Every structure is written in C-alpha cells, then in structure tokens.
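Read through the structure below, which is laid out as structure tokens, and then see the notes.
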Amino acid sequence: MKIEMSYLLLAFATVLAPLAQGQSTPPQPKITGVLTILTPKPGVTVEQVMKIMPAEIRATVPLYLDGKIQQWFTRGDGKGVIFLLNCKDAAEARALIESLPLSKENLMDEQFIPVGPLLPLGILLRDSPTSK
C-alpha cells in the first residue's frame, strides 16, 4: 500500500507543483518515446493473427535491430503486445506500426501514448543542497 500511495503522490505532484508555483498549466514533458499497445480487434481470431505472425516477426525484428523498437513485451493477460518505440511523437509511431502486416490487415486496435522523463524528479534536484 505504501508503494501505491507513493506513486499516487508523485502523480499528483506532477500536476500540482506547477500550480503551486503560480503556473496555470503544468510544463510539458520532453517526449522520448511512444508507448504503443496493440490488441486484436473484437472478433479477430487467434488463427487470423497466427496466419500473419511470421510476416509480422520478419517486419518487427529489423525495427528492433535498428533501434526503432526500444523494448517489447507480451501483455500479462495474453491479449496483445506492448512496444516502447523510439519515436518523437504518436504520428511517427502510428506510421511505423501501420506499416506492419497485422495493422495492414486491419486486425489490431492500436493505442499510442507519448512518454518522457518524470517531471516531478526535477523538484528533487531543485530542492537539493547541491543546487543552492
């Protein structure tokens, strides 16, 4: 419970710290990647996905070796995959994913979430004795 509370407080700090400093909107994080979640569309069968999977693997491995796919995971619930893409924004990530066989066959639902460094960590640096 303590760990969950810490994450919750850190999330609130991201939003509330700029307001406490008189800023009307929180600062925007630098985007360093795009978290991409792919799940089969409703009604798509395992057989449909597995038929395309060899081509999907042949298309994604070079992206990993080129550094475009930074990390990749299978969802713990078995309902798809998660990529952390080395892209500057969601549009670039979407173009990359839509070039892959499963997306070309319109079998996957896609979510694109731009991510970056955790802004509240700057508070720790600002308030540290070495920064004074």
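Below, each value reflects all heavy atoms present in this structure, side chains not excepted, and no hydrogens, waters or symmetry copies. Bear in mind that the values here come from a model prediction, so they are computed numbers and not experimental data.
Put simply, the residue from Leu84, Leu85, Ile82 that forms a side-chain contact (heavy atoms from CB on, under 4.5 Å) with Gln71 is Leu84.
At least one side-chain heavy atom of Thr32 sits under 4.5 Å from a side-chain heavy atom of Pro117. Residues Ile37 and Asp109 are not in side-chain contact: their nearest non-hydrogen atoms beyond the backbone lie 4.5 Å or more apart. For the pair Glu56 and Thr60, the minimum side-chain heavy-atom distance is below 4.5 Å.
Residues Pro101 and Ala59 approach most closely at CD-CB, 3.7 Å, considering heavy atoms.
Thr39 OG1 to Leu107 CG: the interatomic distance, rounded to the nearest 0.5 Å, is 11.5 Å. A distance of 12.5 Å separates CD in Glu98 from CE in Met108, rounded to the nearest 0.5 Å. Taken from CG in Leu96 to CG in Asn86, the straight-line distance is 10.0 Å, to the nearest 0.5 Å. For the atom pair CZ of Arg75 and CG of Leu38, the computed distance is 10.0 Å after rounding to the nearest 0.5 Å.
Judged by distance alone, with hydrogens and angles left aside, the side-chain atoms of Ser103 form a donor-acceptor pair with the main-chain N or O of Ile97 at under 3.5 Å. Checking side-chain atoms of Glu92 against main-chain N and O of Lys88 turns up a donor-acceptor pair under 3.5 Å. With hydrogens and angles ignored, the 3.5 Å screen pairs a side-chain donor or acceptor of Asp77 with a backbone N or O of Lys79.
By the 6.0 Å contact criterion, NZ on Lys41 is enclosed, its count of non-hydrogen atoms from other residues, nucleotides or ligands being greater than 12.
For Gln111 and Thr36, the side-chain atoms include no donor-acceptor pair closer than 3.5 Å.
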Report, one line per pair, each donor and acceptor closer than 3.5 Å where one atom sits in a side chain of residues 47-54; sequence neighbours left out.
| residue | atom | partner | partner atom | Å |
| --- | --- | --- | --- | --- |
| Gln48 | OE1 | Thr45 | N | 2.7 |
| Gln48 | OE1 | Thr45 | OG1 | 3.3 |

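Note on ring orientation: taking the six-membered ring where Trp is involved, the planes of Trp72 and Tyr64 are parallel (angle under 30°, cut-offs 30° and 60°).
Linking ILVMFWY side-chain heavy atoms closer than 4.5 Å, directly or via other members, places Val61 and Phe83 in a single hydrophobic cluster.
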